[in-house]
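Single-structure report; data block below.
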2 protein chains.
Amino acid sequence: MTIYEVAAKAGVSASTVSRVFNGVKVSPELIPLVRQAAQELDFTPNQSARSLRTRTSDVIGLIVADIENPFFTSLARGVEDTARAAGYSVMLGNSDEEESKEREYLDVALSQRLAGVIIAPATDHSDVSTLLAQNCPVVAVDRTLADADVDSVIVNNAAGGRAATDVLLQQGFRRIACVVGPSSTQTADDRARGWHDAMTKFDPTFDADAYLMHASNHVPGGREAFGLLLALPEPPDAIFVGHNLMAIGVLEALVETGRTPYEFGVSVFGDLPFVGLVPPGIHLISLPARELGEMAARVLLERIAGDTQPPRTIVLGTPWHPRLIGAPRSA
Amino acid sequence: MTIYEVAAKAGVSASTVSRVFNGVKVSPELIPLVRQAAQELDFTPNQSARSLRTRTSDVIGLIVADIENPFFTSLARGVEDTARAAGYSVMLGNSDEEESKEREYLDVALSQRLAGVIIAPATDHSDVSTLLAQNCPVVAVDRTLADADVDSVIVNNAAGGRAATDVLLQQGFRRIACVVGPSSTQTADDRARGWHDAMTKFDPTFDADAYLMHASNHVPGGREAFGLLLALPEPPDAIFVGHNLMAIGVLEALVETGRTPYEFGVSVFGDLPFVGLVPPGIHLISLPARELGEMAARVLLERIAGDTQPPRTIVLGTPWHPRLIGAPRSA
DNA sequence: GTGAAAGCGCTAACAA
DNA sequence: TTGTTAGCGCTTTCAC
């Protein structure tokens, strides 16, 4: 089924059919004719041909680090809904935090000549220059890109770490440990820095190094980190966890040792999926995952539409408001 | 950057460049020449042109009902990994259980001339005939398609319902309620049927109708259903929940009423995300979500490769083995 | 084994 | 306003 067969059936030229399908002005009486013919022939425009000719496409790429993490699913949902509303589809790639997989997806985006790409970069020096060189706009989300001059949509991680630590200090906890993702990843370092600032501001003699743990961004990572912390000569009396999945691991381990978050303080930067089953007493700072996705998509769509202002960094979510799950401590 | 510029730089014809990039036989000495030239020019083959010419594409579509449900994320992960290993990319669509959104994504798949589509249908009469008419293979996953003659990769839901009910009967529970998704959806009905069979086989006088609840496939749905069941003149002493998210809602409500799964039996068909925080005593039947995705992708890839055997229905996961979370009842 | 040439289905000048 | 025509970048006969 091509535009020519539709044209023949409708008794017009191919250009007229093309015009009808692209909303270009055409005598009103021809429109139903063409639509009718297209309908009867089950005609669907061939996007490959269209893309080839126009050098555009209505597909955007989304590359996330872990599609099984609810944070990224919500983010993806935000991107998808926003893109869909604007007539774009989403190609999803999962980098698994691996640069090589990420590279593969960037190459796919390039060869598909996607309209644009939203990426939660696996590293802060991920290379998107090939895309930029082809005028394929890129927006970084959740993390920034050090080597590329692109828009970023992020949250203030340091402030989050600080807020999550402060709420534990207010509760009277004093030896507050910190568990975040692998060191030298941006979000992990920033969150740890926030914690560090809050602790040393409160108590300049606090031996921060002893209570900072880096672990892998998964449930077992949190579990292990918790074990190591408890084994310390002077174990912490509370913990700030900078990642949702690790928090699950920490909480599992905490519950197993018979402790509760009322005795052993817990604050988390990130949302806990299905929070209803989480032991009460923890302090949560919600990350606007969906909004990050929506905003990233909105910025990308503007770029696709031709926006040429200098790249911006958009920070969402601050100021942070910790939320207590369950009843206050006294209860 | 086109194939012609690469050809010029390498001192060969465009056809030779094309051959090199497609692994067609060429004098060995030309290959490095061409690759070198391509490299220097940052050449990336234009897939739109390729698709237009060859009428193929290396992108497959995946349409799921709820990307925020861990079941579908695992499934998506299975699809993605399998597809990627075979050199295919995945376009993801979220139907939100809505036929209209599903239709949109099917149309996108059609106009993009995707290589194939894996769909977890929103309804059992979702219409994929347009795709089939264009020789775009379709594989149904998790649910079957009544009106289309396509491959399906599913689980035995009735057997799952039966197994989940039997384990509660063995524990001594007798008034076992059933909560599943909206009635007249296939998976919900099948799971309920399994429960019904198990109950009436055990006790032919059991008043099944009174204890069957349909709710929406979300956390609040499970919560509400649980409330209604408790309000019954003769409340159940146990519950079989046929959906992972609803199970979360049921468990939240259960915990709030101060009950435990040891006194009030709970069995679930489906995986509970981050199961470590779930109250002990529940019986779980794991769904092979990832494997469903992998198998669906494998079947689809075979179809894309030209497999023409009659459509098959592949059933995964049976026999079911309920798993107890936490210690046995006596403990 | 390699190149020249045609054409996949569409859009965009340009001409009428 | 509508049609004619050329060409987007690639693959693939068909000659050589």
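Lettering follows sequence order; numbering is per chain, from 1.
- The CG-C1' distance, from A/L33 to D/dT1, rounds to 15 Å in whole Å.
- Ion pairing of B/D81 with B/R290 is present here, as a side-chain N (NZ or NE/NH1/NH2) and a carboxylate O approach within less than 4.0 Å.
- Between A/R35 and A/E40 there is no salt bridge, since no side-chain nitrogen of the basic residue lies less than 4.0 Å from a carboxylate oxygen of the acidic one.
- One finds no salt bridge joining B/E291 and B/R298 here, because no Lys/Arg side-chain nitrogen approaches an Asp/Glu carboxylate oxygen to under 4.0 Å.
- The existence of a salt bridge linking B/R77 and A/D96 is confirmed by a sub-4.0 Å separation between a basic side-chain nitrogen and an acidic carboxylate oxygen.
- Checked by atom type and distance alone, the side chain of A/R303 pairs as donor or acceptor with a backbone atom of A/Q309 at under 3.5 Å.
- When rounded to the nearest whole Å, the span between CD of A/Q134 and P of D/dG9 equals 11 Å.
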Q | Per-nucleotide protein contact string for nucleotides 7-16 of chain C, where B marks a base within reach and S marks sugar-phosphate only (heavy atoms under 4.0 Å, - for neither) | A | BBBBBBB---

